[in-house]
Number of protein chains: 2
Amino acid sequence: MSDDSVVAELTELVMRVARRLQFDFHAAAAELDLPPAQALALSELGESAPMRELAVRLGCDASNVTGIVDGLERRGLVTRRPDPSDRRVKHLVLTEEGERKRETLRSRSHAKAAELFELPHGDDVRLRDLLAQVKTCR
Amino acid sequence: MSDDSVVAELTELVMRVARRLQFDFHAAAAELDLPPAQALALSELGESAPMRELAVRLGCDASNVTGIVDGLERRGLVTRRPDPSDRRVKHLVLTEEGERKRETLRSRSHAKAAELFELPHGDDVRLRDLLAQVKTCR
DNA sequence: GCCGATGGTTGAGAACCTCAAATGTTGTGG
DNA sequence: CCACAACATTTGAGGTTCTCAACCATCGGC
């Protein structure tokens, strides 16, 4: 059983770090002229996937994904490919340009994150292992 | 200098925990029939403050705060009190009802967070101390 | 008293999300 | 085989939250 104030501080700290990570990610996305939602979707498309799967990865409604992918397709970053064995599903595949943008997005936001998580030797691993113990799904 | 993969994992983990905290907070807010933004503002009003100060605490534009406070005022949770020494500023003061709602909101979301951060003895404090070292503002 | 800075509000506009309903497709039990 | 439930995707309406630019009132220094 944790001390009350410790829980409050943990909440505060996690939210603060998350806001910062998100801010940096949005900044990196803006540099590439991508709205946040599209950038997030792009970064989830390392493995190509059907729309439904993307909705799951993003944790949002499927109807939402349509618009986001519309945007990515308009920019020529992704294509909808019909599934040969099931004509309902459309697979999302990154174009070369999409692959390229995904990579620079990844590396830029990663660079800022690395700066953020610059800790005394070994502490980064300790932090990771402790965070991994947090039961994010009961 | 951290290992690349460690940074990626840290980012992933922090975002995951933050999403969960936020989800629980929104759920607690919904139980009290409060939209998320109003709930967040309410929770920042432990100390009464002028509009401008609230905007800073929330990290958003001042014009945004107007609407949020309008909502809280409509529900009778907060009142705008003129500052006697500066007629431009309006201090936000919680009503009794506002105070009550703020407290139950705090305690409910806190309970869920405590469950989340249930770690082996001492690890919660270690986690807090490590997170506190993350340089969220360069 | 003038003037630049400040607190607050308003209105337009955008991004993002959800829900309900529609469409086309699949697969299964009868 | 066929009706029917389930599924993937899209569309459209509607809501929340946010920003930006413009505006008014007030303040403080010069």
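Side chains are part of it too, since the values below use all heavy atoms of this structure and drop only hydrogens, waters and symmetry mates. Just so it is clear: chains get the letters A, B, ... in the order the sequence lines come, proteins before strands, and each one is counted from 1. These numbers were taken from a predicted model, which means no experiment stands behind them.
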Are V69(A) and L105(A) joined in one hydrophobic group, where the rule is that I, L, V, M, F, W and Y side chains link up if heavy atoms are under 4.5 Å apart? yes

Given the options V65(B), N64(B), I68(B), L54(B) meets side chain to side chain contact (heavy atoms under 4.5 Å, CB included) only with V65(B)

Can you measure R88(A) atom CZ to dA6(D) atom P for me and round it to whole angstrom units? 13 Å

L92(A) CG to dA8(D) C1', in whole Å, measures 12 Å

With a 4.5 Å heavy-atom cut-off, do K101(B) and L42(B) have their side chains touching? yes

Below 4.0 Å from chain A heavy atoms, what is the first contacting nucleotide of DNA chain C and what is the last? dC16(C) to dT26(C)

Tell me: NE2 of H91(A) to P of dA8(D), nearest whole Å? 12 Å

Salt-bridge contact D129(A)-R126(A) (side-chain N to carboxylate O under 4.0 Å): no

Check the distance between dA8(D)'s C1' and R80(A)'s CZ and give it to me in whole angstrom. 12 Å

With a 4.5 Å cut-off on side-chain heavy atoms, are L34(A) and L77(A) touching? yes

One thing to verify: whether R128(B) and E9(A) come together as a salt bridge, which I'm taking to mean a side-chain N less than 4.0 angstrom from a carboxylate O. yes

Salt bridge present between K112(A) and E115(A) (N-O < 4.0 angstrom): no

In this structure, how many angstroms lie between the C1' atom of dT16(D) and the CG atom of N64(A), rounded? 13 Å

Nucleotide dG15(D), atom P - distance to NE2 of H26(B) in whole Å: 19 Å

Any residue in residues 36-55 of chain A with a heavy atom nearer than 4.0 angstrom to DNA chain C? Just list them by number, or reply none. P36(A), A37(A)

Whole-Å gap separating P (dA25(D)) and NZ (K90(B)): 12 Å

Minimum side-chain heavy-atom gap L10(B)-F117(A) below 4.5 Å: yes

Does D86(B) reach a base, just sugar-phosphate, or nothing at all? Heavy atoms under 4.0 Å. sugar-phosphate

Comparing S85(A) and G59(A) on DNA chain C - which has the more 5′ nearest nucleotide: G59(A)

Using the test salt bridge (Lys or Arg N to Asp or Glu O under 4.0 Å), find all partners of R52(A) that sit at least two apart in sequence or belong to another chain. none

When the distance from CG of D61(A) to P of dC7(D) is rounded to whole Å, what number comes out? 15 Å

